[in-house]
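All remarks here apply to the structure that follows.
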Amino acid sequence: MLLFALLATQLGSLISPAYACGCGAMVPGAEGRIGVSREASAVRWDGRTERIAMRFTVGGDAKRAAWIMPVPGRATVSLGDGDLFSQLADLTGPEYRTRTYFWPRHGDWPFTSGDRDMAGAPPPGSGDAGVGVVGRERLGDFDVARLTASDPDALRAWLKANGFELPDGLSTELKPYVDQRWEYVAVRLVPREQGATLHGTLDPLLIRFDSDRLVYPMRLSRLAKTAQSLGLYVLADHRMEPASRIGGDAPEVTFAGRITPKGAVAELAGGAPVFLTAIDQSFPVPSRIDGDHELRATAADTPYRQVEYSDELRTAGGIPVWILAVGGAFLAVVGAAASVILARRRRTPPPATAPATGPDTGRGAGAR
């Protein structure tokens with residue numbers, strides 16, 4: 001299943017939050033600020049392995065930043081396909097339909113005057129006690145370190161030693177992951193051009209790890225200072241749903257259906273037909289988030305697609321049908337009235353007329 005998230009966060013000195021950074025913590029360098037205006041994530045789970053593709057759109061004046069994601073097992077990291085997210089948007093977009101109406105509304109003649117509204121860096125260090133670096137690579141705009149940590153304070157110290165200002169409470173939120181012996185993907189976002197700031201849409205990253213359950217880390221979003229929003233696309237053998245709200249509003253399904261993936265989606269999904277589920281969820285009070293999202297199969301693979309309607313005046317041959325109907329009714333009434341008048345005239349006899357008279361030209365009695 002494909003998990004697609006539209007996310008962003010404000011942690012400590014982060015700026016411009018719009019969505020939740022549900023799966024990790026974005027940490028800017030000490031010399032600048034960074035805001036994540038959008039994070040798009042796509043997760044494929046086949047019952048054994050989970051792959052998460054994600055892409056950040058960032059702004060601010062930071063020349064470097066770090067992003068931390070807890071994972072339940074040893075991870076590999078590579079660059080993903082930038083076409084994935086536009087293809088997902090096409091697959092899960094609403095169906096557009098047109099509805100017609102009979103009587104004119106505001107904006108239709110004769111209720112309008114004719115005016116219409118036309119609106120439409122260097123790699124991270126690895127020498128801190130309690131933190132192990134099991135892998136490190138440079139991928140596009142990213143310097144990636146795959147870490148283990150024996151306690152959350154050691155992980156926090158490792159990050160700070162590399163020049164990053166951390167949000168208050170990060171060690172506390174990392175502790176449950178340390179207790180479960182999870183590992184971490186620490187990514188430094190470093191522009192390829194020396195001295196450039198982090199800005200715009202970055203290359204997508206693809207993270208892969210083994211997991212016997214579909215889990216999406218959300219706990220670090222508890223640190224956000226504003227309301228958060230999460231979007232999930234889940235791609236698996238069946239329609240999927242969150243096992244609980246984890247402190248947010250009720251999740252809403254915006255798409256569910258079996259697809260035969262193509263292009264970048266097929267590359268992520270493995271090419272076989274899969275069931276795609278899209279889920280949106282809001283977190284008005286992030287501090288109430290009490291765990292990570294686990295997703296499970298629903299009782300039935302019921303398909304669903306949003307439908308958006310556009311209304312337009314019903315016409316025939318470019319003429320509003322109501323005009324044709326009203327005009328036709330008027331002509332029918334006129335025709336009926338004319339027929340009645342003609343029928344009455346036929347039934348009424350003409351008035352009687354007197355014999356014509358004139359001068360007497362005949363001969364009278366006794367005429368000769």
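The shown structure was predicted, so the numbers you read here are calculated from the model rather than taken from an experiment. Starting from 1, each residue takes its place in the sequence as its number.
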[X] side, atom [atom1]; [Y] side, atom [atom2] - distance, nearest 0.5 Å:
| X | Y | atom1 | atom2 | answer |
| --- | --- | --- | --- | --- |
| Leu205 | Phe142 | CG | CZ | 4.0 Å |
| Phe255 | Leu88 | CZ | CG | 10.5 Å |
| Met69 | Leu147 | CE | CG | 13.5 Å |
| Glu173 | Ser221 | CD | OG | 10.0 Å |
| Thr98 | Arg314 | OG1 | CZ | 12.5 Å |
| Arg44 | Ile52 | CZ | CD1 | 13.5 Å |

Among Ile279, Leu230, Leu214, whose side-chain contact (heavy atoms from CB on, under 4.5 Å) with His293 holds?
Leu230
Looking only at heavy atoms, what is the nearest atom pair of [X] and [Y], with distance?
| X | Y | answer |
| --- | --- | --- |
| Phe85 | Pro204 | CE1-CB, 4.1 Å |
| Arg245 | Pro251 | CG-CD, 4.2 Å |
| Pro261 | Ala269 | CG-CB, 4.0 Å |
| Gln87 | Gly263 | OE1-C, 3.8 Å |
| Thr260 | Pro273 | OG1-CG, 4.1 Å |
| Pro152 | Leu174 | CB-CB, 3.9 Å |

Report the C-alpha distance between Ile68 and Val187 in whole Å, list the side-chain angles of each, state the deciding distance to 0.1 Å, and finish with yes or no for side chain to side chain contact (heavy atoms under 4.5 Å, CB included).
CA-CA 6 Å; Ile68 309 162; Val187 182; over 6 Å; no
Kindly indicate whether the side chain of [X], heavy atoms from C-beta on, has any atom under 4.5 Å from the side chain of [Y].
| X | Y | value |
| --- | --- | --- |
| Leu268 | Leu84 | yes |
| Phe283 | Asp249 | no |
| Pro94 | Arg305 | no |
| Tyr309 | Tyr96 | no |
| Val215 | Trp182 | yes |
| Arg239 | Thr302 | yes |

Determine whether a donor-acceptor pair (N or O, by modelled atom type, separation under 3.5 Å) exists between the side chain of [X] and the backbone of [Y].
| X | Y | result |
| --- | --- | --- |
| Ser282 | Pro284 | no |
| Arg288 | Arg222 | no |
| Asp280 | Glu252 | no |
| Glu137 | Asp143 | no |
| Asp210 | Thr49 | no |
| Trp45 | Ser211 | yes |

Inter- and intrachain pairs under salt bridge (charged side-chain N to carboxylate O under 4.0 Å, His left out), touching residues 89-101, at least two apart
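For residues 89-101, and leaving out neighbouring residues, the salt bridge (charged side-chain N to carboxylate O under 4.0 Å, His left out) pairs sorted by first residue read Glu95-Arg97, Arg99-Asp311.
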Please report the C-alpha distance between Thr148 and Tyr184 in whole Å, then the side-chain angles of each, then the deciding distance to 0.1 Å, and finally whether the side chain to side chain contact (heavy atoms under 4.5 Å, CB included) criterion is met.
CA-CA 6 Å; Thr148 62; Tyr184 311 89; 6.0 Å; no
Does this structure show an ion pair linking Asp179 with Lys175, if we count only N-O contacts that are shorter than 4.0 Å?
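Here Asp179 pairs with Lys175 in a salt bridge, since their nearest N and O are under 4.0 Å apart.
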Ionic contact status for Glu50 with Arg213, cut-off 4.0 Å
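No, Arg213 and Glu50 are not salt-bridged.
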Walk me through it: do Tyr216 and Glu294 pass the test side chain to side chain contact (heavy atoms under 4.5 Å, CB included)?
CA-CA 6 Å; Tyr216 192 77; Glu294 291 192 38; over 6 Å; no
Donor-acceptor pairs under 3.5 angstrom involving side-chain atoms of residues 70-81: please list them, not counting sequence neighbours.
residue : atom : partner : partner atom : Å
Arg74   : NE   : Glu183  : OE1          : 2.6
Arg74   : NE   : Glu183  : OE2          : 3.1
Arg74   : NH2  : Glu183  : OE2          : 2.8
Asp81   : OD1  : Asp83   : N            : 2.8

Quick check on Arg258: does its CZ atom have over 12 non-hydrogen neighbours (other residues, nucleotides or ligands) under 6.0 Å away?
yes
Shared hydrophobic cluster for Val285 and Met218 (ILVMFWY, side-chain gaps under 4.5 Å)
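No; tracing contacts between hydrophobic side chains, which count when under 4.5 Å, never links both residues.
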